[in-house]
Amino acid sequence: MRIVDLDQDTRKHILSDLLKRDPNNYDAYGKTVQAIVDGVKEKRDEALFAYTKKFDGADITAENVRVTDEEIREARGLVEPELLAVMEKAMKNIREYHQMQVRRSWFDTKPDGTLLGQKVTALECVGVYVPGGKAAYPSSVLMNIVPAKVAGVERIVMVTPPGKDGKVNPVTLTAACLAGATEVYKIGGAQAVAALAFGTESIPRVNKIVGPGNIFVALAKKAVYGHVSIDSIAGPSEILVLADETANPRFVAADLLSQAEHDELASAILVTTSRELAEQVSVQVDRFVKELSRKEILEKSLENFGYILVAQSMEAAIETANEIASEHLEIMTKNPFEVMTKIKNAGAIFIGEYSSEPLGDYFAGPNHVLPTNGTAKFFSPLGVDDFIKKSSVIYYSKDALEPVHKDIMTFANAEHLTAHANSIKVRFEGDTKKA
């Protein structure tokens, strides 16, 4: 990996370089995605199944688009018992973590006759997109469905691309069953996002769409936002390791590559105060790349967006980490908890040398759907809050309204909204003493 001395110019260059990976910058795909979305919106099932045949090579119709109970039983029988047991353990951790996020409605009454509050309501129907085809991502299934179940969503509609044989990957399907999906449909790509957003004869319209996908899925979610809610427009994976001279170079190298293997646009960055560690990590990375299965992807990812940055001080290193606002941030320093208190921007923070990123991806419990491309400065991980909505509750008795009604009228008249003022005024007509 390239080793670079960290300064203001270096940081500026890297930040601009990382932004090139933002899905919003891929305008070349925008027209194609919009055409697919418009086609499904207009022709519904007809377009949906035509696109599925074109892109996935599967003959999907209204009769076989929904996964049956028999297909679920068949899929479960194909999953290795050991993997099934691990998924159940992971799901337990994910559920327990997200149960701590549950919000309750609250109401506050006062002696003057007022009641104010907030009513928390789960979304009625949520769509979960899961990548498919030959790949299986059961962890993404659990991370998206479990918090929705914890939030109280009644209908959870999962969509995932089928193989050419018209079947869903058995591991993906089993994870959906375990997590509590109420419906699973064999569709994927931008056409699936459009179907969830607008509804077709076979696919129900949902209130919100969550889940990862390729650039076409990301841009389709952007295109339908406003018709439905979405979780985010996710970019490529990224990791930043913050380390000093006490870090294990072999651990650091392994963790950097754990994200670089996702795809050629993935970002892997080490920020360290130790040049010796930087050089050792670079050597270890080269050794690992020769051994690991996704060698070509790793090499391309590191060439494009892999950096080892040597900072003059831990303060400068932390400042850089906050500016990059990485999806995953690992802290491997002498006092990692002290460093953690100074981190302002990160999707997930992993503390200490035995808290590597895959622990969060698969098992610990916190959600692995995280903000990317610097959006950790203002976005949060997926959680229970993403599957609820809040309504304000207001009650005033006449006795409570009377002392303040003229104040409200004054405010309304100042904005030249006389109908607003009149709405208050009419409640005291005939009451000459108070009006």
Side-chain angles (χ1 to χ4, degrees), residues 75-76 79-102 128 130-132 135-151 156 158 160 169-181 210-212 231 234 237-241 248 250-262 266 268 288 292-294 326-332 336-337 340 343 346-372 376 380-387:
R76 188 157 182 160
V79 177
E80 292 292 333
E82 182 182 6
L83 176 57
L84 188 62
V86 170
M87 286 197 293
E88 289 174 337
K89 288 180 183 178
M91 188 171 68
K92 179 177 181 292
N93 293 341
I94 296 165
R95 183 186 298 112
E96 289 178 352
Y97 179 86
H98 287 86
Q99 282 173 340
M100 299 298 291
Q101 299 179 344
V102 173
V128 175
V130 177
Y137 298 97
S139 60
S140 287
V141 176
L142 301 182
M143 290 292 182
N144 282 276
I145 294 179
V146 171
K149 290 290 289 186
V150 170
I156 302 174
M158 192 181 96
T160 188
N169 185 289
V171 176
T172 299
L173 194 52
T174 299
C177 178
L178 287 176
V210 301
D231 51 351
S237 296
E238 53 198 35
I239 186 171
L240 188 148
V241 179
N248 183 318
R250 190 168 173 84
F251 290 179
V252 174
D255 293 356
L256 291 171
L257 295 176
S258 73
Q259 292 306 290
E261 76 169 341
H262 272 293
F288 278 133
L292 296 170
S293 62
R294 299 170 70 98
S326 185
E327 177 187 16
H328 307 97
L329 171 66
E330 292 188 1
I331 303 175
M332 296 191 199
F337 285 93
M340 182 271 292
I343 296 299
I349 303 171
F350 299 79
I351 302 173
E353 64 180 7
Y354 288 98
S355 304
S356 64
E357 188 278 335
L359 175 66
D361 260 0
Y362 297 114
F363 202 78
N367 212 288
H368 77 196
V369 180
L370 303 167
T372 59
S380 304
L382 189 74
V384 171
D385 278 357
D386 288 284
F387 300 101

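Heavy atoms only: backbone and side chains are in, while hydrogens, waters and symmetry mates are out.
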> Under 3.5 Å, is there a donor-acceptor pair between the side chain of Asp386 and the main chain of Gly383?
Replying inline: yes
>> In the structure I gave you, are the side-chain heavy atoms of Gln101 and Asp385 within less than 4.5 Å of one another anywhere?
In response: no
>> Can you tell me how far apart CE (Met91) and CZ (Arg95) are? Round to the nearest 0.5 Å.
In response: 4.5 Å
>> On a heavy-atom basis, which atom in Ala175 and which in Val141 lie closest, and how many Å separate them?
In response: C-CG1, 3.6 Å
>> Within the 4.5 Å heavy-atom criterion, are Arg76 and Leu178 side-chain neighbours or not?
In response: yes
> For the side chain of His368 and the backbone of Asp361, is there at least one donor-acceptor N/O pair under 3.5 Å apart?
Replying inline: yes
> Which heavy-atom pair separates Pro371 from Glu238 by the least distance, and what is that distance?
Replying inline: O-OE2, 4.4 Å
> Roughly how far, to the nearest 0.5 Å, is the OG atom of Ser355 from the CD atom of Glu330?
Replying inline: 8.0 Å
> Quick one: are Asp255 and Met332 in side-chain contact, heavy atoms under 4.5 Å?
Replying inline: yes
> Do you know the tightest heavy-atom contact between Pro138 and Met87?
Replying inline: CB-SD, 3.5 Å
> Would you call the rings of Tyr354 and Phe251 parallel, tilted or perpendicular, where under 30° means parallel and over 60° means perpendicular?
Replying inline: perpendicular
>> For a 4.5 angstrom cut-off between non-hydrogen side-chain atoms, does Val210 reach Phe387?
In response: yes
> Excluding sequence neighbours, so at least two apart, what forms ring-ring contact (aromatic ring centres under 6.0 Å, His included) with Phe288?
Replying inline: none
> Taking all atoms of both residues into account, what is the closest heavy-atom pair of Pro147 and Leu142, and its distance?
Replying inline: CD-O, 3.8 Å
> Looking at CG of Leu84 and NZ of Lys89, how far apart are the two atoms once the value is rounded to the nearest 0.5 Å?
Replying inline: 11.5 Å
>> Checking His98 against Asn367 for the side chain to side chain contact (heavy atoms under 4.5 Å, CB included) test, could you report, in this order, the C-alpha distance in whole Å, the side-chain angles of both residues, the deciding distance, and whether it holds?
In response: CA-CA 8 Å; His98 287 86; Asn367 212 288; 3.3 Å; yes
> Under 3.5 Å, is there a donor-acceptor pair between the side chain of Thr160 and the main chain of Val130?
Replying inline: yes
> Looking at NZ of Lys92 and CZ of Phe363, how far apart are the two atoms once the value is rounded to the nearest 0.5 Å?
Replying inline: 9.5 Å
>> With rounding to the nearest 0.5 angstrom, report the CG to CD distance, Leu370 to Glu357.
In response: 8.5 Å
> Ile156 and Gly180: which non-hydrogen atoms are nearest, and at how many Å?
Replying inline: CD1-O, 4.2 Å
>> Nearest 0.5 Å, please: how far is CD1 in Ile343 from CD1 in Ile331?
In response: 5.0 Å
>> Ignoring hydrogens, what is the shortest heavy-atom contact between Ala376 and Ser326? Give both atom names and the distance.
In response: CB-O, 4.3 Å
